[in-house]
Structures are given as structure tokens and as C-alpha cells.
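Throughout, numbering of the chain's residues begins at 1 and tracks the sequence.
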Amino acid sequence: MRRRFGIIVSCMALLGAISPANAHAKGWEPVKVEKITAPHVASDAELEIRAGGGVIYVNTSKHVNIKIFSILGSRIAEDSLAPGSYQFAVPTHGIYIIKAGDITCKVAV
């Protein structure tokens, strides 16, 4: 019985390690493109958010704390970005809530 239980626990641990729910995106990557052609989602004087093709783009002229949540409320990513342009490849297509500085918006990617 102990051996069988150990095998089940080992298999569950292995499956948990490779399941899509535990798959993490790479994180924010700098973008070196002059103009991002993804559809505009939200902006203010110092921050612009765009999304399309499974990627969220952020262009900021100041340091900004940014959080991405799934539509069910689980946190996908949280980071502090320096001024510049960044992209974040979401783990799966869907609807996400983005909180960046004073902006909160919903995106479909």
C-alpha cells in the first residue's frame, strides 16, 4: 500500500509540474520596435497599454507597477517596469485585467 501511494503522489507531482495551470509566461521583455500595431486598450499621459495576438504591450515614460490578473482573479504577473516599451506573452488566450499605475483595464488576447 505504501509503495502504491508513493507512486500516486510522484505521478501527481509530475503532472502538477507540467500542467498548463502551472505554466508561467516568460515575463516582461523589452520591445525594440518604434511603433506597435496592436489595438489600443487604454492610456494616459505617461502610459499606454495595447493587446493583440496573445501579447500585452506597455509603453511607459515613468516607472510603473503593473499587475495582470486572469478574469477569475488569479494573479498572472506582477512587476515594476522602468521607462520604455515592453511586451508580455500571456500563458493562454483569454480575458485579463491589467492594473498599471492609475489605470485598470480589461483586455482580450
Side-chain angles (χ1 to χ4, degrees):
M1 178 77 172
R2 278 188 178 177
R3 183 169 183 242
R4 188 177 291 172
F5 180 72
I7 292 171
I8 292 171
V9 170
S10 297
C11 289
M12 288 172 56
L14 178 61
L15 290 173
I18 60 173
S19 71
N22 291 335
H24 296 289
K26 293 180 187 177
W28 291 99
E29 299 176 356
V31 177
K32 296 178 177 61
V33 179
E34 288 293 318
K35 184 176 180 180
I36 298 170
T37 59
H40 179 266
V41 175
S43 66
D44 67 7
E46 300 170 327
L47 178 70
E48 179 181 41
I49 300 171
R50 294 178 174 269
V55 179
I56 297 170
Y57 300 95
V58 172
N59 185 17
T60 179
S61 61
K62 65 174 184 172
H63 279 83
V64 65
N65 292 324
I66 188 163
K67 297 176 186 178
I68 301 175
F69 298 92
S70 73
I71 194 67
L72 299 176
S74 62
R75 188 176 60 213
I76 304 298
E78 179 176 0
D79 211 340
S80 179
L81 302 178
S85 297
Y86 299 90
Q87 68 181 17
F88 183 88
V90 294
T92 59
H93 293 285
I95 299 174
Y96 295 89
I97 308 296
I98 301 172
K99 170 107 174 92
D102 295 332
I103 295 177
T104 302
C105 61
K106 178 174 64 171
V107 299
V109 284

In terms of the angle between their ring planes, are Tyr86 and Trp28 parallel, tilted or perpendicular, with boundaries placed at 30° and 60°?
->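 Perpendicular, since the angle between the ring planes exceeds 60°.
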Transitively linked via ILVMFWY side-chain contacts under 4.5 Å: Ile49 with Val90?
->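 Yes, Ile49 and Val90 fall within the same hydrophobic cluster.
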Please tabulate, one pair per line, all N/O donor-acceptor pairs under 3.5 Å involving side-chain atoms of residues 93-107, not counting sequence neighbours.
unit_1	atom_1	unit_2	atom_2	d
Tyr96	OH	Thr92	O	2.5
Tyr96	OH	Thr92	OG1	3.4
Lys99	NZ	Gly101	O	3.0

Could you walk me through whether Ile68 and Ile56 pass the side chain to side chain contact (heavy atoms under 4.5 Å, CB included) check?
-> CA-CA 10 Å; Ile68 301 175; Ile56 297 170; 4.0 Å; yes
Sort and list the pairs that fulfil salt bridge (charged side-chain N to carboxylate O under 4.0 Å, His left out) and have at least one residue in residues 36-46, not counting sequence neighbours.
->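 Checked against salt bridge (charged side-chain N to carboxylate O under 4.0 Å, His left out) - neighbours excluded - the pairs reaching residues 36-46 are Glu46-Lys62.
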Only counting residues at least two apart or in another chain, list the ones meeting side-chain hydrogen bond (donor to acceptor under 3.5 Å, both in side chains) with His40.
->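 With neighbours one apart ignored, the set is Ser43.
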Using side-chain hydrogen bond (donor to acceptor under 3.5 Å, both in side chains) as the criterion, list what pairs up with Ser61, not counting sequence neighbours.
->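 Here no residue qualifies.
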Can you list the steps and then say if Phe88 with Val58 is a side chain to side chain contact (heavy atoms under 4.5 Å, CB included)?
-> CA-CA 8 Å; Phe88 183 88; Val58 172; over 6 Å; no
Are the side chain of Ser70 and the backbone of Ser74 linked by a donor-acceptor contact shorter than 3.5 Å?
-> yes
Indicate the atoms forming the closest heavy-atom contact of Gly52 with Pro39, along with that distance.
->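 Looks like CA-CD, 4.5 Å.
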In a table with atom names and distances, give each donor-acceptor pair under 3.5 Å that connects a side chain of residues 77-84 to protein atoms at least two apart or in another chain.
unit_1	atom_1	unit_2	atom_2	d
Glu78	OE1	Arg75	NH1	3.0
Ser80	OG	Asn65	OD1	3.3

Separation between CZ of Arg50 and OG of Ser85, rounded to the nearest 0.5 Å = 10.5 Å
Quick one: side-chain contact (heavy atoms from CB on, under 4.5 Å) partners of Ala45, sequence neighbours excluded?
->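 Listed in chain order: nothing, the list is empty.
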